[in-house]
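Worksheet for the structure shown next.
All ligand and atom numbering here is 1-based and tracks the order in the structure. Values below: every heavy atom of this structure, side chains too, minus hydrogens, waters and symmetry copies.
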Amino acid sequence: MALVNENYLKLPGNYLFSEIARRVNEFSTANPDATIIRMGIGDVTRPLPDAVIQSLHKAVDEMSQAETFKGYGPEQGYQFLVNKIIENDLNPRGLNIQNDEVFVSDGSKSDTGNIGDILSVKNKVAVTDPVYPVYVDTNAMAGRAGDFLEKTGKWSDILYIPCTADNNFIPALPAQKPDIIYLCYPNNPTGTTLKKEQLKVWVDYALSNKCLILFDAAYEAYISESDVPHSIYEIEGAKKVAIEFRSFSKTAGFTGTRCAYTIIPKELEAYTEKGEKVQLNKLWNRRHTTKFNGVPYIIQRAAEAVYSEEGKIQVSELVNYYMTNAKIIRESLLNMGFEIYGGINAPYIWLKTPNNMPSWDFFDLLLQKAHVVGTPGVGFGPSGEGYFRLTAFGKKEATLEAMDRLKTLFNK
Ligand code: PLP
């Protein structure tokens with residue numbers, strides 16, 4: 001008799017974005033003439049930079065010739081890409097990362113989800129709340145989350161660290177000791193960041209308590225303030241306690257092209273139950289080479305072009321485009337009297353709903369009255385209740401139009 005992984009049966013039915021899609025579909029069926037502006041899902045809308053496209057075409061042509069055709073490549077990524085990542089993203093910040101500490105992959109969603117393969121189910125997991133849902137759901141699938149409690153919207157075995165306006169979105173060290181801590185900065189969904197000394201508190205805590213930090217830096221390219229760290233390894237000692245996830249998705253428009261990388265320093269160790277030290281780099285290498293066959297050659301050539309002279313200029317234009325939208329959203333909402341966060345070092349604006357209106361009610365209000373779709377904060381965790389996320393990934397004209405509609409709605 002084939003038995004299922006019953007942890008999957010504990011997952012609550014309606015994933016956030018499917019519930020949003022259901023409500024939007026229902027609305028558009030009833031109102032076929034309404035033009036809906038989508039500021040909900042965090043997907044990019046601009047095409048790939050020209051340098052990336054050129055490189056992709058060239059690589060496709062290489063695949064057509066026997067002399068340059070590529071079959072299976074190194075699972076960890078081609079050295080041409082790993083070298084460019086290290087030379088451009090990492091070592092200019094003094095991080096001194098080695099080639100065999102970088103693993104190229106098909107996405108940070110996969111990597112943040114799969115990393116649990118090399119970690120015991122007995123680990124106590126902590127997440128900041130609100131949180132990118134993948135961290136919690138993948139731990140639930142692995143049996144590390146306990147049971148989902150409808151009443152609180154929390155998993156019984158996960159430690160939730162609230163990040164709200166009350167603590168200025170700075171997570172406090174937990175009373176109970178976790179073994180694994182997920183940190184995402186710049187943060188999805190709140191768009192907030194930690195300064196160096198605030199991140200240092202967590203690195204020091206992990207060093208003293210033998211914790212592992214899983215640091216998701218998917219939005220690193222959006223950092224504009226000089227005192228915000230781009231990598232957790234800018235903090236002394238972090239290589240002993242942290243894995244960092246980076247992605248080309250939001251940096252260079254690769255959400256549909258798929259390329260990312262994960263850094264696992266060789267200094268980083270976790271433990272067996274007997275207390276013996278084990279290098280996580282070795283375990284991930286074993287996992288990656290066994291379960292993954294590498295990112296396609298053509299995609300890695302496309303990612304390499306992100307670091308060319310033209311590629312760098314085009315990527316920064318892309319980031320500027322979205323951050324101009326973020327500025328439009330920020331300034332418009334501030335003028336309307338909203339309490340808002342984020343949007344300076346991240347393409348997300350996190351707003352407090354007026355009069356503590358529940359997130360889903362605010363979602364329905366915006367959909368019904370302004371035909372604008374955002375994401376209810378509570379969908380990211382219980383501490384997101386009373387908040388709402390708007391993204392800057394839309395087209396500029398649509399962003400301006402959405403803000404005009406909100407002005408009409410709220411300045412009445
Ligand atoms: N991490 C965070 C915090 C995200 O918000 C996202 C995508 O929205 C991802 C990772 C996924 O990145 P990728 O496209 O590389 O899988």
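For ligand 1, residues of the protein lying within 4.0 angstrom by heavy-atom distance are Gly107, Ser108, Lys109, Tyr132, Tyr135, Cys184, Asn188, Asp216, Ala218, Tyr219, Ser247, Ser249, Lys250, Arg258.
If you take CG on Leu406 and OG on Ser332, they are separated by 8.5 Å, rounding to the nearest 0.5 Å.
With a 4.5 Å cut-off on side-chain heavy atoms, Arg144 and Leu119 count as touching.
No hydrogens or angles considered: nothing links the side chains of Glu101 and Asn281 as a donor-acceptor pair under 3.5 Å.
Here Thr29 pairs with nothing under the side-chain contact (heavy atoms from CB on, under 4.5 Å) rule; sequence neighbours left out. With sequence neighbours left out, the ring-ring contact (aromatic ring centres under 6.0 Å, His included) criterion links Tyr233 to no other residue.
Legend: ring-ring contact (aromatic ring centres under 6.0 Å, His included) pairs involving residues 363-386, not counting sequence neighbours, sorted by first then second residue: Phe27-His371, Trp360-Phe363.
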